[in-house]
Amino acid sequence: MLRKKIKDILNSTEYGSLVCIKGWVRSKRDSKNVAFLAINDGSIIHNIQAVVDTPNFPEDYLKDVQTGACVCITGSLVQSQGKGQSVEIQAKTIEIYGTADPETFPLQKKGHSLEFLREIAHLRPRTNTFGAILRMRHAMAFAVHKFFNDKGFVYVHTPIITGADCEGAGEMFRVTTMDLKKIPVADGQVDFSKDFFGKETSLTVSGQLNGELAAMALGEVYTFGPTFRAENSNTSRHLAEFWMIEPEVAFNELEDNMNLAEEFLKYLVKYALENCKDDLEFLNNLYDKELIQKLNFVVDNNFIRLTYTEGVEILKQSGHKFEYKVEWGTDLQSEHERYLVEKHFKKPVILTNYPKEIKAFYMKQDADGKTVRAMDVLFPGIGEIIGGSQREESYEKLLNRVRELKMNEKELWWYLDTRKFGTAPHAGFGLGFERLMLFVTGMSNIRDVIPFPRTPQNAEF
Ligand code: ATP
Ligand code: MN
């Protein structure tokens, strides 16, 4: 018999028809002569109830159908008597695909802590919480592509392995096939010419530099791929491996860049509200009673836009005691970003025109020579969710900056070439996909919005 998805069956009104479902037992309730099984197949957060008249089955057969087991059930669809569901299945046959010993199955009981679930990441997709998060992750990834596709952007696949050590966004993981016990040395230095690529290579920290190359031909492009940062920071907002969405747009200036970022974030949040209702309701009820309200708030309100300099002034005059002191010229800490968003403006904030010393070499310099056309989008509960800028399009200015920072200009030749041949104003930004997921799911630890998190000392699953 053809298997039906539980999602479709729960909406069906074909009472009396014979159906077949396949899924995992979430719970089992026994009473005299009848057992109630709650079955989930991942297609929707809700379970379907299978009612089993036990005398119709061989003695002890139901003993192997415990929480965690995988089964195939056929039976007739009936209107449910119980509350909480509209239809249920009156089971005729039950095939057991795989048993789960109640003595050892870690998810036998409900209500485990998120910390415990991280230790069993191989099984946590079986929980309601992670089912909801993974379905929403899919929905958000799809919405990202839909947003850009509808606007005519071209999805460009930028490389994961990079030879540029100057992407300028944190510590990198090295990529090598060298025998670590016999590293080739020349003149007292590691001889990377003997390595696989004939040069030192790493995992990318951003697709931007390559994205810019494509934007200088295709106009509007974006990348959406994994990025890697070997920062040894054990925070609730940093992963060593995360996914980033990076649009890059020819002819856009800072203002256009902000408009695109705001439109994009609102689109994604609205998409979640419209397409992930059941999962959102579940997360709202269990983790954050204000989640849906917060999502609606972001869609309905304009983001506040102000300069870094104005932001620093507000923080200094706030009288608030911060762990890190605020001074013009220093990078803002997450506590500062969140103060502006959560306490001062009570709205998402876009901070612009940061001091050039704390931003990357490629950002377009302002006329004052002190600041650059950077923009960070700051979100409640998160801090920075997007970082972006208008790029420096002048060959001379970019080269000067590269020299000022004593970067390796020879290695950057291909990037500098874009400014030599048909340069154009352009701008782009990076949205951390998991930071977005934190916001739309209401979860508070970034380890809980990616299936298999990579963090310092943790690459088990
Ligand atoms: P932060 O200051 O929060 O560490 P960043 O300024 O180093 O971030 P960018 O280089 O601007 O980050 O990267 C663009 C976006 O990628 C950030 O706005 C954020 O959403 C996301 N991001 C950066 N680092 C991480 C990380 N380690 N884990 C998850 N997301 C990240
Ligand atoms: Mn940033």
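Counting starts at 1 for both ligands and their atoms, in listed order. Bear in mind that the values here come from a model prediction, so they are computed numbers and not experimental data. Numbers here are sequence positions counted from 1.
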Task: Heavy-atom nearest neighbour of atom 9 (P) of ligand 1 within options Arg229, Glu231, Met244, Arg237 - done: Arg229

Task: Atom indices of ligand 1, in the order listed, that fall short of 4.0 Å to a heavy atom of Ile386 - done: 18 (O)

TODO: Consider every N or O of Ile446 and every N or O of ligand 1, then say whether any pair is closer than 3.5 Å.
DONE: no

TODO: With 2.8 Å as the limit, jot down which protein N, O or S atoms are around the Mn ion (ligand 2).
DONE: Glu384 OE2

Task: Ring geometry between Tyr415 and Tyr362 (parallel below 30°, tilted from 30 to 60°, perpendicular above 60°) - done: perpendicular

Review item, side-chain donor-acceptor pairs of residues 375-384, under 3.5 Å, at least two apart:
from, atom 1, to, atom 2, distance (Å)
Asp376, OD1, Lys359, NZ, 3.3
Asp376, OD2, Tyr354, OH, 3.4
Asp376, OD2, Lys359, NZ, 3.2

TODO: Give yes if a backbone or side-chain nitrogen or oxygen of Gly432 is under 3.5 Å from a nitrogen or oxygen of ligand 1, and no if not.
DONE: yes

Task: Presence of salt bridge, Arg137 and Glu434, under 4.0 angstrom - done: yes

TODO: For the residue pair Gln390 and Asn257, establish whether any side-chain heavy-atom pair is separated by less than 4.5 Å.
DONE: no

Task: salt bridge (charged side-chain N to carboxylate O under 4.0 Å, His left out), paired with Asp41, selected from Arg3, Lys4, Arg126, Arg26 - done: Arg3

Open item on the list: So, applying side-chain contact (heavy atoms from CB on, under 4.5 Å) with Lys347, which one of Asn302, Asn301, Val298 is it?
Closed with: Asn301

Open item on the list: Taking the basic N atoms (NZ, or NE/NH1/NH2) and the acidic carboxylate oxygens, is any pair closer than 4.0 Å for Lys146 and Asp150?
Closed with: yes

Task: Leu436 near ligand 1 by a heavy-atom separation under 4.0 Å - done: no

Open item on the list: Would you say that Ile314 contacts Leu340 through its side chain, given a criterion of any heavy-atom pair below 4.5 Å between the two side chains?
Closed with: yes

TODO: Considering the heavy atoms of Gly387, write down every atom of ligand 1 situated less than 4.0 Å from one of them.
DONE: 18 (O)

Task: Under 3.5 Å donor-acceptor, Glu335 side chain and Tyr324 backbone - done: yes

